[in-house]
Amino acid sequence: MDPVTFLIQSLNGLQYGLLLFLVASGLTLVFGIMGVVNLAHGSFYMIGAYLAFSLSALTGSFFGAVALGIVLSVVFGLLLEWALFSRLYHRDHLDQVLLTYGLILIFEELRSLAVGDDVHSVAMPDFLSASIPLTDTLSYPVYRLFMSGICIVLAMSMYVVIQRTRLGMRIRAGTSNREMAQGLGIDIRLLFRFVFAFGVALAALGGMLAAPVSSVFPGMGSQVLILCFVVVVIGGIGSVWGALLAALLIGFTDTFGKVLFPDYAGLSVYVLMAAILLWRPAGLFGRA
Amino acid sequence: MNLLEARGLHTYYGASHILRGVDFTVRAGETVGLMGRNGMGKTTLIRSLLGFVPPRRGEVKVRDDTMTGAPPHRIAQCGIAGVPEGRGIFPNLSVRENLVMAARAGVGGRRDWTLARVLDTFPRLGERLAHGGAQLSGGEQQMLTIGRALMTNPDLLVLDEATEGLAPKIAADIWGIVRRIRDTGIATVLVDKNHAAVTAVSDRNVILVKGEVVFDGSSAALHADPALLHRHLGV
Ligand SMILES: Nc1ncnc2c1ncn2[C@@H]1O[C@H](COP(=O)(O)OP(=O)(O)OP(=O)(O)O)[C@@H](O)[C@H]1O
Ligand SMILES: [Mg+2]
(Lines give C-alpha, C1' and ligand atoms only; values in the text may rest on other atoms or scores of the structure.)
(Ligands and ions follow the chains in the order given, each with its own letter.)
Protein backbone atom coordinates (compact mmCIF):
# COMPACT_ATOMS: atom_id res chain seq x y z
CA MET A 1 0.00 0.00 0.00
CA ASP A 2 1.49 3.36 -0.94
CA PRO A 3 1.72 6.05 1.76
CA VAL A 4 -1.07 8.23 0.33
CA THR A 5 -3.54 5.35 0.20
CA PHE A 6 -2.47 4.42 3.71
CA LEU A 7 -3.13 7.99 4.87
CA ILE A 8 -6.54 8.04 3.22
CA GLN A 9 -7.54 4.69 4.70
CA SER A 10 -6.28 5.77 8.13
CA LEU A 11 -8.39 8.92 7.98
CA ASN A 12 -11.38 6.83 6.90
CA GLY A 13 -10.80 4.39 9.75
CA LEU A 14 -10.51 7.25 12.21
CA GLN A 15 -13.65 8.93 10.95
CA TYR A 16 -15.64 5.69 11.00
CA GLY A 17 -14.40 4.82 14.48
CA LEU A 18 -15.19 8.27 15.88
CA LEU A 19 -18.68 8.21 14.42
CA LEU A 20 -19.24 4.78 15.93
CA PHE A 21 -18.07 6.11 19.27
CA LEU A 22 -20.54 8.97 19.08
CA VAL A 23 -23.41 6.56 18.60
CA ALA A 24 -22.20 3.84 20.98
CA SER A 25 -21.30 6.10 23.91
CA GLY A 26 -24.95 6.64 24.78
CA LEU A 27 -25.59 2.90 24.62
CA THR A 28 -22.74 2.06 26.96
CA LEU A 29 -23.72 4.82 29.41
CA VAL A 30 -27.33 3.67 29.60
CA PHE A 31 -26.28 0.04 29.81
CA GLY A 32 -23.59 0.70 32.41
CA ILE A 33 -25.39 3.25 34.57
CA MET A 34 -28.98 2.14 34.37
CA GLY A 35 -28.54 -1.52 33.50
CA VAL A 36 -30.90 -1.24 30.54
CA VAL A 37 -30.25 -3.16 27.33
CA ASN A 38 -31.59 -0.78 24.73
CA LEU A 39 -32.06 -2.46 21.36
CA ALA A 40 -33.76 0.69 20.10
CA HIS A 41 -30.53 2.67 20.35
CA GLY A 42 -29.80 2.14 16.65
CA SER A 43 -33.19 3.66 15.87
CA PHE A 44 -32.02 6.96 17.32
CA TYR A 45 -29.26 6.96 14.70
CA MET A 46 -31.82 6.23 11.99
CA ILE A 47 -34.15 8.92 13.35
CA GLY A 48 -31.25 11.39 13.34
CA ALA A 49 -30.50 10.67 9.71
CA TYR A 50 -34.14 11.13 8.71
CA LEU A 51 -34.34 14.30 10.78
CA ALA A 52 -31.36 15.63 8.83
CA PHE A 53 -33.18 14.77 5.61
CA SER A 54 -36.57 16.25 6.53
CA LEU A 55 -35.31 19.26 8.42
CA SER A 56 -32.76 20.23 5.72
CA ALA A 57 -35.65 20.35 3.30
CA LEU A 58 -37.68 22.37 5.79
CA THR A 59 -35.03 24.85 6.90
CA GLY A 60 -33.01 24.89 3.71
CA SER A 61 -29.81 24.54 5.72
CA PHE A 62 -27.90 21.48 6.87
CA PHE A 63 -26.69 23.17 10.05
CA GLY A 64 -30.17 24.52 10.77
CA ALA A 65 -31.38 20.94 10.48
CA VAL A 66 -28.67 19.66 12.83
CA ALA A 67 -29.34 22.33 15.45
CA LEU A 68 -33.08 21.74 15.39
CA GLY A 69 -32.54 17.96 15.24
CA ILE A 70 -30.41 18.01 18.41
CA VAL A 71 -33.04 19.96 20.33
CA LEU A 72 -35.79 17.60 19.13
CA SER A 73 -33.82 14.49 20.00
CA VAL A 74 -33.04 15.72 23.53
CA VAL A 75 -36.73 16.39 24.09
CA PHE A 76 -37.56 13.03 22.56
CA GLY A 77 -35.04 11.32 24.84
CA LEU A 78 -36.44 13.02 27.94
CA LEU A 79 -39.98 11.97 27.05
CA LEU A 80 -38.96 8.43 26.21
CA GLU A 81 -37.10 7.99 29.50
CA TRP A 82 -39.98 9.47 31.46
CA ALA A 83 -42.67 7.45 29.73
CA LEU A 84 -40.96 4.09 29.18
CA PHE A 85 -37.35 3.54 30.15
CA SER A 86 -37.74 4.75 33.74
CA ARG A 87 -40.05 1.76 34.21
CA LEU A 88 -37.43 -0.69 32.95
CA TYR A 89 -34.63 -0.18 35.45
CA HIS A 90 -35.82 -2.80 37.89
CA ARG A 91 -37.06 -5.24 35.27
CA ASP A 92 -35.02 -8.14 33.98
CA HIS A 93 -33.23 -8.12 30.65
CA LEU A 94 -35.98 -10.08 28.89
CA ASP A 95 -38.54 -7.34 29.59
CA GLN A 96 -36.05 -4.74 28.41
CA VAL A 97 -35.33 -6.63 25.19
CA LEU A 98 -39.05 -7.09 24.52
CA LEU A 99 -39.92 -3.45 25.01
CA THR A 100 -36.97 -2.03 23.15
CA TYR A 101 -37.36 -4.50 20.28
CA GLY A 102 -40.99 -3.41 20.08
CA LEU A 103 -39.79 0.18 19.92
CA ILE A 104 -37.61 -0.61 16.90
CA LEU A 105 -40.69 -1.88 15.04
CA ILE A 106 -42.74 1.13 16.11
CA PHE A 107 -40.06 3.63 15.12
CA GLU A 108 -39.56 1.97 11.71
CA GLU A 109 -43.32 1.95 11.11
CA LEU A 110 -43.66 5.59 12.10
CA ARG A 111 -40.74 6.48 9.86
CA SER A 112 -42.39 4.60 7.02
CA LEU A 113 -45.67 6.48 7.56
CA ALA A 114 -43.97 9.85 7.84
CA VAL A 115 -41.37 9.77 5.05
CA GLY A 116 -41.88 6.48 3.21
CA ASP A 117 -39.40 3.69 2.53
CA ASP A 118 -37.30 5.35 -0.15
CA VAL A 119 -33.58 5.86 0.02
CA HIS A 120 -32.71 9.53 0.28
CA SER A 121 -29.62 11.59 0.12
CA VAL A 122 -28.82 14.71 2.07
CA ALA A 123 -26.76 17.49 0.54
CA MET A 124 -23.71 18.54 2.48
CA PRO A 125 -23.11 22.26 3.04
CA ASP A 126 -21.36 23.82 0.03
CA PHE A 127 -18.30 25.04 1.86
CA LEU A 128 -17.59 21.49 3.10
CA SER A 129 -18.18 19.76 -0.20
CA ALA A 130 -14.66 20.27 -1.56
CA SER A 131 -11.86 17.71 -1.54
CA ILE A 132 -8.23 18.24 -0.64
CA PRO A 133 -6.01 16.96 -3.47
CA LEU A 134 -3.27 14.61 -2.22
CA THR A 135 -1.80 13.39 -5.52
CA ASP A 136 -2.79 13.81 -9.17
CA THR A 137 -5.52 11.22 -8.79
CA LEU A 138 -6.22 10.97 -5.04
CA SER A 139 -7.94 13.46 -2.79
CA TYR A 140 -9.69 13.53 0.56
CA PRO A 141 -13.15 15.02 1.17
CA VAL A 142 -13.27 17.98 3.55
CA TYR A 143 -16.63 16.84 4.93
CA ARG A 144 -15.10 13.66 6.37
CA LEU A 145 -12.42 15.70 8.12
CA PHE A 146 -15.17 17.94 9.43
CA MET A 147 -17.03 14.89 10.82
CA SER A 148 -13.90 13.63 12.55
CA GLY A 149 -13.28 17.11 13.95
CA ILE A 150 -16.78 17.36 15.42
CA CYS A 151 -16.49 13.90 16.95
CA ILE A 152 -13.09 14.71 18.48
CA VAL A 153 -14.43 17.95 19.98
CA LEU A 154 -17.43 16.11 21.40
CA ALA A 155 -15.30 13.28 22.82
CA MET A 156 -13.01 15.82 24.49
CA SER A 157 -15.98 17.76 25.88
CA MET A 158 -17.40 14.54 27.27
CA TYR A 159 -14.06 13.81 28.88
CA VAL A 160 -13.98 17.23 30.52
CA VAL A 161 -17.58 17.02 31.73
CA ILE A 162 -17.29 13.49 33.08
CA GLN A 163 -13.84 13.80 34.64
CA ARG A 164 -13.58 17.44 35.63
CA THR A 165 -16.98 18.85 36.52
CA ARG A 166 -19.17 18.33 39.54
CA LEU A 167 -21.92 17.11 37.24
CA GLY A 168 -19.59 14.40 35.95
CA MET A 169 -18.55 13.45 39.49
CA ARG A 170 -22.20 13.10 40.41
CA ILE A 171 -22.91 10.89 37.42
CA ARG A 172 -19.96 8.66 38.29
CA ALA A 173 -20.99 8.63 41.95
CA GLY A 174 -24.53 7.64 40.98
CA THR A 175 -23.15 4.86 38.81
CA SER A 176 -21.23 3.31 41.67
CA ASN A 177 -23.75 3.84 44.48
CA ARG A 178 -27.07 5.28 43.49
CA GLU A 179 -28.56 5.25 46.98
CA MET A 180 -25.62 7.02 48.57
CA ALA A 181 -25.73 9.74 45.90
CA GLN A 182 -29.43 10.27 46.61
CA GLY A 183 -28.65 10.51 50.31
CA LEU A 184 -26.36 13.43 49.53
CA GLY A 185 -29.24 15.34 47.98
CA ILE A 186 -28.75 14.42 44.33
CA ASP A 187 -31.85 13.72 42.27
CA ILE A 188 -30.48 10.65 40.52
CA ARG A 189 -33.63 9.97 38.51
CA LEU A 190 -33.51 13.41 36.98
CA LEU A 191 -29.77 13.23 36.44
CA PHE A 192 -30.04 9.88 34.66
CA ARG A 193 -32.99 11.10 32.62
CA PHE A 194 -30.71 13.76 31.18
CA VAL A 195 -27.89 11.26 30.67
CA PHE A 196 -30.32 9.11 28.71
CA ALA A 197 -31.53 12.05 26.63
CA PHE A 198 -27.94 13.06 25.99
CA GLY A 199 -27.20 9.54 24.72
CA VAL A 200 -30.21 9.72 22.41
CA ALA A 201 -29.03 13.08 21.09
CA LEU A 202 -25.50 11.80 20.44
CA ALA A 203 -26.81 8.80 18.49
CA ALA A 204 -29.15 11.06 16.52
CA LEU A 205 -26.31 13.49 15.85
CA GLY A 206 -24.27 10.55 14.55
CA GLY A 207 -27.07 9.81 12.11
CA MET A 208 -27.34 13.46 11.07
CA LEU A 209 -23.60 13.77 10.43
CA ALA A 210 -23.49 10.49 8.53
CA ALA A 211 -26.48 11.34 6.34
CA PRO A 212 -24.58 13.31 3.66
CA VAL A 213 -21.96 10.57 3.19
CA SER A 214 -23.91 7.35 3.70
CA SER A 215 -27.39 8.19 2.36
CA VAL A 216 -30.54 7.71 4.37
CA PHE A 217 -32.31 4.36 4.21
CA PRO A 218 -34.72 2.13 6.14
CA GLY A 219 -32.90 -0.34 8.38
CA MET A 220 -29.81 1.83 8.77
CA GLY A 221 -30.45 1.68 12.52
CA SER A 222 -30.09 -2.07 12.88
CA GLN A 223 -26.79 -2.08 11.02
CA VAL A 224 -25.30 0.43 13.41
CA LEU A 225 -26.92 -1.18 16.46
CA ILE A 226 -24.98 -4.41 15.99
CA LEU A 227 -21.71 -2.52 15.68
CA CYS A 228 -22.61 -0.48 18.77
CA PHE A 229 -23.05 -3.64 20.79
CA VAL A 230 -19.69 -4.87 19.51
CA VAL A 231 -18.20 -1.55 20.71
CA VAL A 232 -19.82 -1.89 24.14
CA VAL A 233 -18.70 -5.49 24.54
CA ILE A 234 -15.12 -4.85 23.39
CA GLY A 235 -14.80 -1.66 25.41
CA GLY A 236 -16.32 -3.07 28.58
CA ILE A 237 -19.91 -2.39 29.57
CA GLY A 238 -20.39 1.13 30.92
CA SER A 239 -16.91 2.37 30.10
CA VAL A 240 -16.97 5.49 27.92
CA TRP A 241 -13.21 5.40 27.33
CA GLY A 242 -13.38 1.70 26.59
CA ALA A 243 -16.02 2.54 24.00
CA LEU A 244 -13.77 5.17 22.43
CA LEU A 245 -10.85 2.76 22.14
CA ALA A 246 -13.09 -0.07 20.91
CA ALA A 247 -14.79 2.15 18.33
CA LEU A 248 -11.43 3.30 16.95
CA LEU A 249 -10.17 -0.30 16.82
CA ILE A 250 -13.28 -1.32 14.94
CA GLY A 251 -12.99 1.66 12.61
CA PHE A 252 -9.42 0.76 11.64
CA THR A 253 -10.02 -3.00 11.54
CA ASP A 254 -13.04 -2.65 9.32
CA THR A 255 -11.45 -0.09 7.00
CA PHE A 256 -8.15 -1.93 6.56
CA GLY A 257 -9.91 -5.29 6.53
CA LYS A 258 -11.80 -4.17 3.45
CA VAL A 259 -8.57 -3.10 1.75
CA LEU A 260 -6.32 -5.98 2.74
CA PHE A 261 -8.75 -8.92 2.86
CA PRO A 262 -11.67 -7.85 0.66
CA ASP A 263 -13.06 -11.40 0.57
CA TYR A 264 -13.45 -11.57 4.35
CA ALA A 265 -14.22 -7.89 5.03
CA GLY A 266 -17.47 -8.61 6.84
CA LEU A 267 -15.71 -10.89 9.30
CA SER A 268 -12.80 -8.76 10.46
CA VAL A 269 -14.71 -6.89 13.19
CA TYR A 270 -16.05 -10.11 14.70
CA VAL A 271 -12.64 -11.76 14.61
CA LEU A 272 -11.36 -8.72 16.49
CA MET A 273 -14.15 -9.04 19.04
CA ALA A 274 -13.53 -12.75 19.57
CA ALA A 275 -9.79 -12.17 20.00
CA ILE A 276 -10.28 -9.39 22.54
CA LEU A 277 -12.86 -11.33 24.53
CA LEU A 278 -10.59 -14.36 24.69
CA TRP A 279 -7.89 -12.11 26.05
CA ARG A 280 -10.13 -9.98 28.32
CA PRO A 281 -13.57 -11.53 28.82
CA ALA A 282 -15.00 -8.36 30.40
CA GLY A 283 -13.76 -6.15 27.56
CA LEU A 284 -10.83 -3.75 27.48
CA PHE A 285 -11.97 -1.50 30.33
CA GLY A 286 -14.55 -3.83 31.85
CA ARG A 287 -14.69 -4.68 35.50
CA ALA A 288 -14.64 -8.46 35.56
CA MET B 1 -37.89 23.81 67.73
CA ASN B 2 -38.13 20.29 66.40
CA LEU B 3 -35.81 19.82 63.48
CA LEU B 4 -36.99 16.30 62.86
CA GLU B 5 -40.17 14.78 64.17
CA ALA B 6 -41.48 11.29 63.49
CA ARG B 7 -44.81 10.12 64.85
CA GLY B 8 -46.15 6.58 64.95
CA LEU B 9 -43.82 5.08 62.35
CA HIS B 10 -44.63 1.58 61.14
CA THR B 11 -42.06 0.22 58.72
CA TYR B 12 -42.04 -3.16 57.03
CA TYR B 13 -39.58 -5.17 55.00
CA GLY B 14 -42.03 -7.12 52.87
CA ALA B 15 -44.22 -8.88 55.40
CA SER B 16 -41.92 -8.37 58.41
CA HIS B 17 -43.20 -5.64 60.63
CA ILE B 18 -40.00 -3.96 61.88
CA LEU B 19 -40.90 -0.55 63.37
CA ARG B 20 -44.02 -0.70 65.51
CA GLY B 21 -45.21 2.82 66.17
CA VAL B 22 -41.97 4.70 66.76
CA ASP B 23 -41.98 8.33 67.91
CA PHE B 24 -38.64 10.05 67.43
CA THR B 25 -37.73 13.72 67.58
CA VAL B 26 -34.52 15.70 67.25
CA ARG B 27 -34.43 19.37 68.22
CA ALA B 28 -32.13 21.85 66.51
CA GLY B 29 -28.56 21.42 67.75
CA GLU B 30 -29.41 18.40 69.87
CA THR B 31 -27.31 15.22 70.09
CA VAL B 32 -29.45 12.10 70.36
CA GLY B 33 -28.13 8.60 71.04
CA LEU B 34 -30.16 5.83 69.41
CA MET B 35 -29.59 2.54 71.18
CA GLY B 36 -30.74 -1.04 71.12
CA ARG B 37 -29.30 -4.50 70.68
CA ASN B 38 -28.61 -6.04 67.30
CA GLY B 39 -31.59 -6.22 65.01
CA MET B 40 -33.86 -4.00 67.12
CA GLY B 41 -34.53 -1.59 64.26
CA LYS B 42 -32.05 1.28 64.66
CA THR B 43 -30.87 1.22 61.05
CA THR B 44 -34.43 0.70 59.86
CA LEU B 45 -35.55 3.78 61.78
CA ILE B 46 -32.75 5.83 60.27
CA ARG B 47 -33.55 4.57 56.78
CA SER B 48 -37.22 5.43 57.32
CA LEU B 49 -36.32 8.95 58.43
CA LEU B 50 -33.97 9.45 55.48
CA GLY B 51 -36.54 8.25 52.95
CA PHE B 52 -34.84 5.02 51.86
CA VAL B 53 -37.49 2.75 53.36
CA PRO B 54 -40.72 4.73 53.46
CA PRO B 55 -42.84 3.92 56.50
CA ARG B 56 -46.16 2.26 55.74
CA ARG B 57 -47.90 4.32 58.43
CA GLY B 58 -46.96 7.34 60.48
CA GLU B 59 -45.57 10.76 59.70
CA VAL B 60 -42.12 12.27 59.28
CA LYS B 61 -41.75 16.04 59.54
CA VAL B 62 -38.63 18.11 58.90
CA ARG B 63 -39.11 21.50 60.55
CA ASP B 64 -42.73 22.21 59.54
CA ASP B 65 -42.79 20.26 56.31
CA THR B 66 -44.32 16.82 56.11
CA MET B 67 -41.79 14.62 54.35
CA THR B 68 -43.39 11.20 54.79
CA GLY B 69 -42.64 9.14 51.70
CA ALA B 70 -40.50 11.89 50.13
CA PRO B 71 -37.54 10.62 48.09
CA PRO B 72 -34.16 10.59 49.86
CA HIS B 73 -32.71 13.49 47.87
CA ARG B 74 -35.54 15.78 48.97
CA ILE B 75 -35.00 14.90 52.61
CA ALA B 76 -31.25 15.42 52.21
CA GLN B 77 -31.95 18.83 50.68
CA CYS B 78 -33.78 19.75 53.90
CA GLY B 79 -30.43 19.62 55.67
CA ILE B 80 -30.30 16.02 56.85
CA ALA B 81 -27.14 14.10 56.01
CA GLY B 82 -26.69 10.40 56.67
CA VAL B 83 -23.44 8.55 57.22
CA PRO B 84 -24.59 4.99 56.62
CA GLU B 85 -23.48 1.71 58.10
CA GLY B 86 -20.68 0.48 55.85
CA ARG B 87 -19.82 4.09 54.91
CA GLY B 88 -20.72 4.14 51.22
CA ILE B 89 -17.77 6.04 49.81
CA PHE B 90 -17.56 6.14 46.04
CA PRO B 91 -14.56 3.93 45.21
CA ASN B 92 -14.39 5.17 41.61
CA LEU B 93 -13.95 8.79 42.72
CA SER B 94 -10.85 10.32 44.26
CA VAL B 95 -10.96 11.63 47.82
CA ARG B 96 -11.25 15.18 46.53
CA GLU B 97 -14.06 14.20 44.16
CA ASN B 98 -15.90 12.36 46.93
CA LEU B 99 -15.97 15.63 48.85
CA VAL B 100 -16.54 18.08 46.01
CA MET B 101 -19.40 16.13 44.42
CA ALA B 102 -21.44 16.56 47.60
CA ALA B 103 -20.87 20.31 48.05
CA ARG B 104 -24.06 22.32 48.36
CA ALA B 105 -25.39 25.25 50.33
CA GLY B 106 -27.33 24.37 53.45
CA VAL B 107 -30.89 25.39 54.22
CA GLY B 108 -31.06 29.18 54.01
CA GLY B 109 -27.97 29.33 51.82
CA ARG B 110 -25.34 28.69 54.52
CA ARG B 111 -21.93 27.67 53.22
CA ASP B 112 -20.11 27.18 56.51
CA TRP B 113 -18.49 23.95 55.44
CA THR B 114 -16.17 24.30 52.50
CA LEU B 115 -13.53 21.91 51.19
CA ALA B 116 -10.90 23.92 53.07
CA ARG B 117 -12.76 23.62 56.38
CA VAL B 118 -13.38 19.91 55.96
CA LEU B 119 -9.68 19.36 55.23
CA ASP B 120 -8.85 21.45 58.25
CA THR B 121 -11.05 19.18 60.37
CA PHE B 122 -9.63 16.01 58.77
CA PRO B 123 -5.99 16.77 57.95
CA ARG B 124 -5.38 13.15 56.95
CA LEU B 125 -7.79 13.52 54.05
CA GLY B 126 -5.74 16.47 52.82
CA GLU B 127 -2.74 14.18 52.41
CA ARG B 128 -4.80 11.73 50.37
CA LEU B 129 -6.78 14.02 48.06
CA ALA B 130 -5.65 12.35 44.84
CA HIS B 131 -6.08 8.80 46.13
CA GLY B 132 -9.02 6.69 45.05
CA GLY B 133 -11.72 6.35 47.69
CA ALA B 134 -11.08 2.61 47.90
CA GLN B 135 -7.41 3.04 48.78
CA LEU B 136 -8.14 4.56 52.19
CA SER B 137 -7.94 2.76 55.52
CA GLY B 138 -11.18 2.12 57.42
CA GLY B 139 -10.69 5.14 59.66
CA GLU B 140 -9.89 7.40 56.73
CA GLN B 141 -12.95 6.13 54.88
CA GLN B 142 -15.07 7.02 57.89
CA MET B 143 -13.55 10.49 58.02
CA LEU B 144 -14.25 10.84 54.31
CA THR B 145 -17.93 9.95 54.70
CA ILE B 146 -18.33 12.33 57.62
CA GLY B 147 -16.48 15.06 55.74
CA ARG B 148 -18.59 14.41 52.66
CA ALA B 149 -21.78 14.71 54.73
CA LEU B 150 -20.53 18.02 56.14
CA MET B 151 -19.97 19.33 52.59
CA THR B 152 -23.78 19.38 52.25
CA ASN B 153 -23.92 21.92 55.12
CA PRO B 154 -26.43 19.87 57.09
CA ASP B 155 -28.42 20.84 60.17
CA LEU B 156 -28.59 17.20 61.25
CA LEU B 157 -25.96 14.51 60.85
CA VAL B 158 -27.00 10.89 61.29
CA LEU B 159 -24.11 8.54 62.10
CA ASP B 160 -24.92 4.83 61.95
CA GLU B 161 -22.13 2.77 63.57
CA ALA B 162 -19.43 5.27 62.71
CA THR B 163 -16.75 3.52 64.78
CA GLU B 164 -17.59 -0.04 63.80
CA GLY B 165 -14.51 -2.09 63.00
CA LEU B 166 -12.08 0.71 63.84
CA ALA B 167 -9.06 0.39 66.15
CA PRO B 168 -9.70 2.02 69.56
CA LYS B 169 -7.34 4.89 68.85
CA ILE B 170 -9.03 5.70 65.53
CA ALA B 171 -12.46 5.34 67.16
CA ALA B 172 -11.32 7.88 69.78
CA ASP B 173 -10.41 10.27 66.95
CA ILE B 174 -13.89 9.86 65.50
CA TRP B 175 -15.48 10.62 68.87
CA GLY B 176 -13.34 13.74 69.09
CA ILE B 177 -14.64 14.80 65.70
CA VAL B 178 -18.23 14.09 66.76
CA ARG B 179 -17.74 16.48 69.68
CA ARG B 180 -16.28 19.16 67.46
CA ILE B 181 -19.19 18.86 65.06
CA ARG B 182 -21.67 19.00 67.95
CA ASP B 183 -19.97 22.15 69.23
CA THR B 184 -20.56 23.87 65.89
CA GLY B 185 -24.30 23.55 66.54
CA ILE B 186 -25.14 20.72 64.13
CA ALA B 187 -27.66 18.28 65.57
CA THR B 188 -26.53 14.64 65.59
CA VAL B 189 -28.12 11.23 65.83
CA LEU B 190 -25.62 8.63 67.00
CA VAL B 191 -25.90 4.87 66.77
CA ASP B 192 -22.97 2.99 68.27
CA LYS B 193 -22.17 -0.20 70.13
CA ASN B 194 -20.13 1.82 72.61
CA HIS B 195 -22.94 3.12 74.81
CA ALA B 196 -20.66 4.88 77.26
CA ALA B 197 -19.11 6.90 74.44
CA VAL B 198 -22.57 7.78 73.11
CA THR B 199 -23.97 8.97 76.44
CA ALA B 200 -20.81 10.96 77.07
CA VAL B 201 -21.71 13.24 74.14
CA SER B 202 -25.48 12.88 73.84
CA ASP B 203 -28.13 15.18 75.32
CA ARG B 204 -30.85 12.58 75.07
CA ASN B 205 -31.10 8.86 74.34
CA VAL B 206 -33.71 6.64 72.78
CA ILE B 207 -33.70 2.88 73.28
CA LEU B 208 -35.41 0.60 70.77
CA VAL B 209 -36.54 -2.92 71.57
CA LYS B 210 -38.10 -4.92 68.74
CA GLY B 211 -39.12 -1.83 66.86
CA GLU B 212 -40.63 0.01 69.83
CA VAL B 213 -39.28 2.87 71.93
CA VAL B 214 -38.83 1.69 75.52
CA PHE B 215 -36.89 4.67 76.81
CA ASP B 216 -36.54 8.30 75.80
CA GLY B 217 -34.65 10.49 78.24
CA SER B 218 -31.48 12.28 79.23
CA SER B 219 -28.13 10.58 79.66
CA ALA B 220 -28.36 11.34 83.39
CA ALA B 221 -31.71 9.57 83.63
CA LEU B 222 -30.27 6.59 81.79
CA HIS B 223 -27.24 6.34 84.08
CA ALA B 224 -29.48 6.66 87.13
CA ASP B 225 -31.18 3.38 86.22
CA PRO B 226 -28.54 0.69 85.60
CA ALA B 227 -31.25 -2.00 85.51
CA LEU B 228 -32.68 -0.38 82.42
CA LEU B 229 -29.36 -0.47 80.63
CA HIS B 230 -28.88 -4.06 81.66
CA ARG B 231 -32.31 -5.17 80.54
CA HIS B 232 -32.41 -3.45 77.18
CA LEU B 233 -28.80 -3.22 76.16
CA GLY B 234 -27.24 -6.13 78.04
CA VAL B 235 -24.59 -4.04 79.78
N1 LIG C 1 -33.46 -5.48 53.84
C2 LIG C 1 -34.07 -6.20 54.82
N3 LIG C 1 -35.02 -7.12 54.50
C4 LIG C 1 -35.64 -7.83 55.46
N5 LIG C 1 -35.39 -7.72 56.78
C6 LIG C 1 -34.46 -6.82 57.16
C7 LIG C 1 -33.74 -6.02 56.20
N8 LIG C 1 -32.89 -5.23 56.87
C9 LIG C 1 -33.05 -5.51 58.18
N10 LIG C 1 -33.99 -6.46 58.37
C11 LIG C 1 -34.45 -6.99 59.65
O12 LIG C 1 -35.04 -5.92 60.36
C13 LIG C 1 -34.72 -5.99 61.72
C14 LIG C 1 -34.10 -4.68 62.16
O15 LIG C 1 -32.85 -4.52 61.49
P16 LIG C 1 -31.97 -3.23 61.65
O17 LIG C 1 -30.87 -3.33 60.67
O18 LIG C 1 -32.83 -2.03 61.60
O19 LIG C 1 -31.41 -3.40 63.12
P20 LIG C 1 -30.28 -2.61 63.88
O21 LIG C 1 -30.87 -2.22 65.17
O22 LIG C 1 -29.72 -1.54 63.03
O23 LIG C 1 -29.21 -3.76 64.10
P24 LIG C 1 -27.60 -3.72 64.12
O25 LIG C 1 -27.22 -3.29 65.49
O26 LIG C 1 -27.23 -5.14 63.87
O27 LIG C 1 -27.16 -2.80 63.06
C28 LIG C 1 -33.79 -7.19 61.88
O29 LIG C 1 -34.58 -8.26 62.36
C30 LIG C 1 -33.30 -7.47 60.49
O31 LIG C 1 -33.09 -8.85 60.33
MG1 LIG D 1 -27.85 -1.21 62.19
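Per chain, numbering begins at 1; letters A, B, ... match sequence-line order. The shown structure was predicted, so the numbers you read here are calculated from the model rather than taken from an experiment.
- Every residue two or more places apart in sequence or in another chain that forms a salt bridge (charged side-chain N to carboxylate O under 4.0 Å, His left out) with Glu140(B) is listed here: Arg124(B), Arg128(B).
- Remark: Ile171(A) CD1 to Met101(B) CE distance equals 11.0 Å, nearest 0.5 Å.
- Near-neighbour residues of residues 175-196 of chain A relative to chain B, defined by a heavy atom under 4.5 Å from a heavy atom of that chain, comprise Ser176(A), Asn177(A), Glu179(A), Met180(A), Ala181(A), Gln182(A), Gly183(A), Leu184(A), Gly185(A), Ile186(A), Asp187(A).
- More than 12 non-hydrogen atoms from other residues, nucleotides or ligands lie less than 6.0 angstrom from OH of Tyr89(A).
- More than 12 non-hydrogen atoms from other residues, nucleotides or ligands lie less than 6.0 angstrom from CG of Asp183(B).
- Expressed to the nearest 0.5 Å, how far CE of Met169(A) lies from OG of Ser94(B) amounts to 7.0 Å.
- A distance of 4.5 Å separates CZ of Arg172(A) from CG of Leu93(B), quoted to the nearest 0.5 Å.
- Counted within 6.0 Å of CD on Gln223(A), heavy atoms from surrounding residues, nucleotides or ligands total 12 or fewer; the atom is thus considered open.
- Only the side chain of Arg47(B) comes within less than 4.5 Å of a heavy atom of chain A; its backbone N, CA, C and O stay farther away.
- Proximity to chain A is absent for every atom of Arg74(B), based on heavy atoms less than 4.5 angstrom apart.
- The residues Glu97(B) and Arg166(A) are annotated as not salt-bridged, no charged nitrogen and carboxylate oxygen being separated by less than 4.0 angstrom.
- By the 6.0 Å contact criterion, CZ on Arg56(B) is enclosed, its count of non-hydrogen atoms from other residues, nucleotides or ligands being greater than 12.
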